[in-house]
Every structure is written in C-alpha cells, then in structure tokens.
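The block underneath contains the structure these notes are about, expressed in structure tokens.
Letters go in sequence order (proteins before strands), and every chain restarts at 1. What you see is a predicted model; the values in this text were computed from it and never measured.
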Amino acid sequence: EAQVTQNPRYLITVTGKKLTVTCSQNMNHEYMSWYRQDPGLGLRQIYYSMNVEVTDKGDVPEGYKVSRKEKRNFPLILESPSPNQTSLYFCASSRNREGNTIYFGEGSWLTVV
Amino acid sequence: SQKIEQNSEALNIQEGKTATLTCNYTNYSPAYLQWYRQDPGRGPVFLLLIRENEKEKRKERLKVTFDTTLKQSLFHITASQPADSATYLCARDGGFNKFYFGSGTKLNVKP
C-alpha cells in the first residue's frame with residue numbers, strides 16, 4: 001500500500017528543545033515536501049527536495065532544517081522550536097514535479113509551549 | 001509568490017444538489033491545477049488534475065474546469081451526498097519547483 005508515514009503524530013514540547021519529525025515514503029518518489037497548515041492560511045510549503053541530497057526552501061523555511069540522505073526519508077528538524085511553530089505539519093511525496101499526484105502523510109500536531 | 005484564492009466561507013447545500021467551488025489564481029497560468037479533499041485532522045487526498053490545455057475533466061460525480069482567461073478553476077460535485085462534506089483544496093505549481101495550495105473551502109452537505 002502506498003504510504004507516507006510521519007512520526008510523531010502528536011507532540012507537546014518546550015521552547016528551545018530540539019526535535020525531529022520523521023517522514024518516510026514507500027513509493028520510490030523523487031519529490032518530497034514539508035508543509036505546515038494553520039487556520040486561515042492553508043498549507044504552506046516549508047522545504048522541498050527534488051531528490052537525494054537536493055533540498056531547497058519553500059515559502060516559510062525560517063526555523064526549520066531538512067535533510068535527504070536516502071530517497072525514502074525526509075526528516076524535518078526544529079533546532080530551537082518556538083511557540084509560533086505550533087502547527088499541523090504534513091509530509092508529502094510525489095513521483096516528480098511534473099503534475100503527479102501528491103501523497104500526504106496523516107499529519108503531525110506539534111505544540112510548542 | 002503565486003497566489004491561490006478560495007472562498008473561505010463554508011458552502012452549505014442540500015443533499016442531491018450540485019456543489020460548485022471556486023479557485024482563483026494570480027500571475028501566470030500554471031501548467032496544471034489539482035484538487036484535493038481534506039477531512040478534519042487528516043492529510044489531503046488527491047481528487048483530480050486538470051492541465052492548462054484542458055477545458056474540463058470528469059471523474060464520476062466530479063467535474064473540474066480550467067479557464068485561463070478568468071484565471072479560475074471550478075470544481076463541481078453533482079448529486080452531492082452528506083459523505084461529500086469536507087474541505088476541498090485547490091493547488092498549483094508555482095515555478096522554481098515550489099507548490100502552492102489555497103486555504104480551502106469547507107463544504108457541508110445536509111441530508
């Protein structure tokens with residue numbers, strides 16, 4: 001079954017404590033992204049990756065890092081989380097950039113206190 | 001950035017009627033537009049893609065149109081059912097390998 005799996009699904013953390021949200025896809029997709037979803041603002045792209053070792057900033061990259069060491073994994077790193085990073089995060093993948101279906105994970109609810 | 005605008009007000013319709021949702025975009029026409037369904041607390045799920053050179057696309061009770069003159073896509077659900085109640089997102093590619101989503105329109109289908 002085609003899947004994008006992200007963990008943790010729910011997390012409450014404190015300001016400044018580094019955390020990583022993992023993302024893995026089993027479809028051999030080249031293109032992967034991270035989005036955050038906030039009320040009234042919709043889905044906003046944080047970072048994306050065209051392939052292994054190729055990553056770039058989306059529209060809201062401040063405060064986040066990513067890496068793509070393997071094709072299937074694309075972790076999102078918050079080095080020093082702040083309360084304004086409280087949000088619902090989605091990892092997504094697609095075969096490539098050319099108009100293919102985007103598959104989303106189930107989301108990770110992150111609260112920074 | 002390439003904007004995608006969807007009506008933020010919820011659309012309430014009666015079961016059996018046709019629901020029509022609007023997606024407007026700015027700047028240049030994208031090569032394609034996509035529509036997704038999102039249920040509360042879940043990830044978006046792909047529904048349809050329509051390319052710039054296609055006027056209309058259908059899939060079962062769903063129909064999407066793409067008007068490059070109006071810079072608009074319309075998403076129709078015919079014979080709507082309560083199970084169609086969800087938030088529907090429009091998305092476009094924005095160049096430079098980025099992707100943009102609208103904030104979605106919530107559809108409520110009442111029995």
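F90(A) CZ to Q38(B) CD: the interatomic distance, rounded to the nearest 0.5 Å, is 5.0 Å.
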Check your understanding: Does the side chain to side chain contact (heavy atoms under 4.5 Å, CB included) test come out yes or no for T101(A) and L49(B), once each step is laid out?
Key -> CA-CA 8 Å; T101(A) 300; L49(B) 177 150; over 6 Å; no

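There is no contact between Y103(A) and chain B, counting heavy-atom distances below 4.5 Å. L33(B) does not touch chain A: none of its heavy atoms, backbone or side chain, sits under 4.5 Å away.
The two residues Q45(A) and F99(B) come nearest to each other via the heavy atoms OE1-N, 2.9 Å. Closest of all the heavy-atom pairs between I102(A) and Q34(B) is CD1-OE1, 3.9 Å. Residues S103(B) and G40(A) share a closest heavy-atom pair of CB-O, 4.0 Å. When all heavy atoms of Y100(B) and D59(A) are compared, the pair lying nearest together is CE2-OD2, 2.8 Å.
Around the CD atom of Q14(B), the shell of radius 6.0 Å holds more than 12 heavy atoms that belong to other residues, nucleotides or ligands. Within a 6.0 Å sphere centred on NZ of K57(B), other residues, nucleotides and ligands contribute more than 12 heavy atoms. More than 12 heavy-atom neighbours from other residues, nucleotides or ligands sit within 6.0 angstrom of CD on E53(A). The environment of R42(B) atom CZ is sparse: at most 12 non-hydrogen atoms of other residues, nucleotides or ligands sit within 6.0 angstrom. Atom NZ of K106(B) has 12 or fewer heavy atoms from other residues, nucleotides or ligands within 6.0 Å.
Other members of the hydrophobic cluster containing V14(A), listed by chain and number, are I12(A), V113(A); membership follows side-chain contacts under 4.5 Å among ILVMFWY residues, whether direct or relayed. In this structure, L76(A) shares a hydrophobic cluster with L11(A), L19(A), V21(A), M32(A), W34(A), I46(A), Y47(A), V60(A), Y64(A), V66(A), F74(A), L78(A), Y89(A), L110(A), V112(A), the cluster being traced through Ile, Leu, Val, Met, Phe, Trp and Tyr side chains under 4.5 angstrom apart.
When ring centroids are compared, F101(B) and Y35(A) come within the 6.0 Å threshold.
Between chain A and the options P44(B), A91(B), G43(B), heavy-atom pairs under 4.5 Å are most frequent for P44(B).
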